[in-house]
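Here the structure is laid out as structure tokens; the discussion comes afterwards.
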2 protein chains.
Amino acid sequence: MIKTFIIDDHPMVIAGIWQMLQNADNVQVVGSASDGYAALEALKKQPADVALVDINLPDLDGIELCKKLRERFPKLKILGLSTFKERSYITRMIDAGASGYLLKNANGEELSEAIEAAYRGRMYMSMEAALTIARPVATQPELPILTSREKEVLALIAEGMTNNEIAEKLFISPLTVDSHRKNILAKFGVKNTAAMVKYGMEAGFI
Amino acid sequence: MIKTFIIDDHPMVIAGIWQMLQNADNVQVVGSASDGYAALEALKKQPADVALVDINLPDLDGIELCKKLRERFPKLKILGLSTFKERSYITRMIDAGASGYLLKNANGEELSEAIEAAYRGRMYMSMEAALTIARPVATQPELPILTSREKEVLALIAEGMTNNEIAEKLFISPLTVDSHRKNILAKFGVKNTAAMVKYGMEAGFI
DNA sequence: TTTGCTATCCACGAAAAAGGGGATTTTTCA
DNA sequence: TGAAAAATCCCCTTTTTCGTGGATAGCAAA
């Protein structure tokens, strides 16, 4: 039996996975957590072979958690789990050491297959995820990657703060804030604040 | 036993709800569907008392589905279900005839309580949802009403166009565009374009 | 018929952002 | 340890927006 641990902030999803895996003969769910730090704690006491990690967690995001898990539990295999099929999420999750990526519309069969594959050291990709990363890059606008400082500044801009106000709040020079602002504009490929906020919200940065 | 029907595009969530309600003594899950039209079909053959409707469905959104369900199955009670706790979603769902609103982080107890309440003709609100709409009106301004011209201008602003560009596009003076812009700022109670776009998107104008 | 709302237009000055450079110091990671 | 990336700071000019304050015409409801 492959010991599996679930990390997701929605009890419904945890219950659903639990249910789906109940009559799998190769997989056993040994525990679950609703945020990243709880998972890191719980896994100390309750070792597992495979972890299902939601990308969207309240404390640290799935990618960060994936890295931390890989550090502390090198033998643990990780499967990313989310509703997003954006290319950058998938590739970043794989970069962070995940053994695959599943969408939340997976069924029980796919779940146990994926867990089995990860456990055996193979890579598992749900069909949609595979299609997404296999598609030529030209037709696939890459979600730009913002640094944490840039995300911070972007959020404050969206709050309606000016460069000066943000500078004061972050204890940095207004010129620095302006630099971040310009970098975000460039990364998003937009020409003003309005389009930047719209893009940022649609891409989930805000 | 209250006959309950689940509509959600994630098998995991359906399985989770099913699981959570398994040992409830007042509720019985009688079916599920993964999109709106399938639900409308299935409910013809399999009547139910209460439907749990996800806001985000692949074909028609929860609000539309809610209206259609109310038309065709007037006795059916509807509970909105989603991860979003934004006011506009909640109120629009209620306007569409729903008997309440649940967040996906609800547990089994809350679920069966909500279903029971809806069945008995009462309104159920998850704690967060209730807090969102129950907040005094002073701190919770009603959604401002934009004129159609203002909405048009707002959309173009969010596209990243300047006053001059918008003026050209709409065959009006840039000064007029500026007036609209100022009126939107005033109605939203914000002080710049960034906050305006954010507000506009959250309120569903964009 | 007055009142209110919408859409249109205007002026002036101050503030902020955009566009276009460069530069230095930490951090991170391979 | 050394290169790359992130975060920090700087200058100058032009464009755009913001904050005041107006005004006019049209239309619809009270």
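This one's a predicted model, so the numbers in the text were calculated from it and none came from an experiment. Each chain gets a letter, A, B and so on, in the order the sequences are listed, and its residues count up from 1.
Each of B/H180 and A/N164 lies near DNA chain C, and the nucleotide nearest B/H180 is the one positioned closer to the 5' end. Nearer the 5' end of DNA chain C, as judged by each residue's closest nucleotide, is the contact made by B/T176, out of B/T176 and A/T193.
Taking atom CG of A/N183 as the reference point, atom P of C/dA17 lies 16 Å away to the nearest angstrom. When the C1' atom of C/dA17 is taken as reference, atom CD1 of A/I166 falls 12 Å away, rounded to whole Å. One interatomic measurement links the two molecules: CD of A/E71 to C1' of C/dT28, which rounds to 13 Å at whole-angstrom precision. The CG atom of B/D178 sits 12 Å away from the C1' atom of C/dC12 (whole-angstrom rounding). Atom CG of A/L175 is separated from atom P of D/dC11 by 7 Å (rounded to the nearest Å). The distance between atom CE of B/M161 and atom P of D/dT15, rounded to the nearest whole Å, is 18 Å. The distance between atom CD1 of B/I157 and atom C1' of D/dC18, rounded to the nearest whole Å, is 12 Å. In this structure, A/I184 places its CD1 atom 10 Å from P of D/dA7, rounding to the nearest Å.
Residue B/N163 is in sugar-phosphate contact alone, with no base atom involved, counting any heavy-atom pair closer than 4.0 Å across all strands shown. B/N192 comes within 4.0 angstrom of the backbone, heavy atoms only, and of no base. Residue contacts shown for A/S179 include a base, since a base heavy atom lies under 4.0 Å away.
Side-chain atoms of A/R181 lie closest to C/dA17 of the nucleotides C/dC10, D/dA7, C/dA17. Each of C/dA17, C/dG20, C/dA7 was ranked by its minimum atom distance to the side chain of A/K182; first place goes to C/dG20. Here the side chain of A/T147 is nearest to one of D/dA7, D/dC10, C/dA7, namely D/dA7. For A/S173, the listed nucleotide lying nearest its side chain is D/dC10; candidates were D/dT17, D/dC10, D/dT8.
Between A/R120 and A/E116, at least one side-chain N (NZ, or NE/NH1/NH2) sits under 4.0 Å from a carboxylate O, which counts as a salt bridge. Remark: A/R149 engages A/E152 in a salt bridge, criterion side-chain N to carboxylate O under 4.0 Å.
Of the side-chain N and O atoms in B/T162, none sit less than 4.0 angstrom from OP1 or OP2 of C/dA17.
For the pair B/N105 and A/D9, the tightest heavy-atom approach, listed with the atom from each and the gap, is CB-O, 4.1 Å.
Here A/F73 and A/F5 keep their ring centres 6.0 angstrom or further from each other.
Heavy atoms of other residues, nucleotides or ligands lying less than 6.0 angstrom from NZ of B/K3 number 12 at most.
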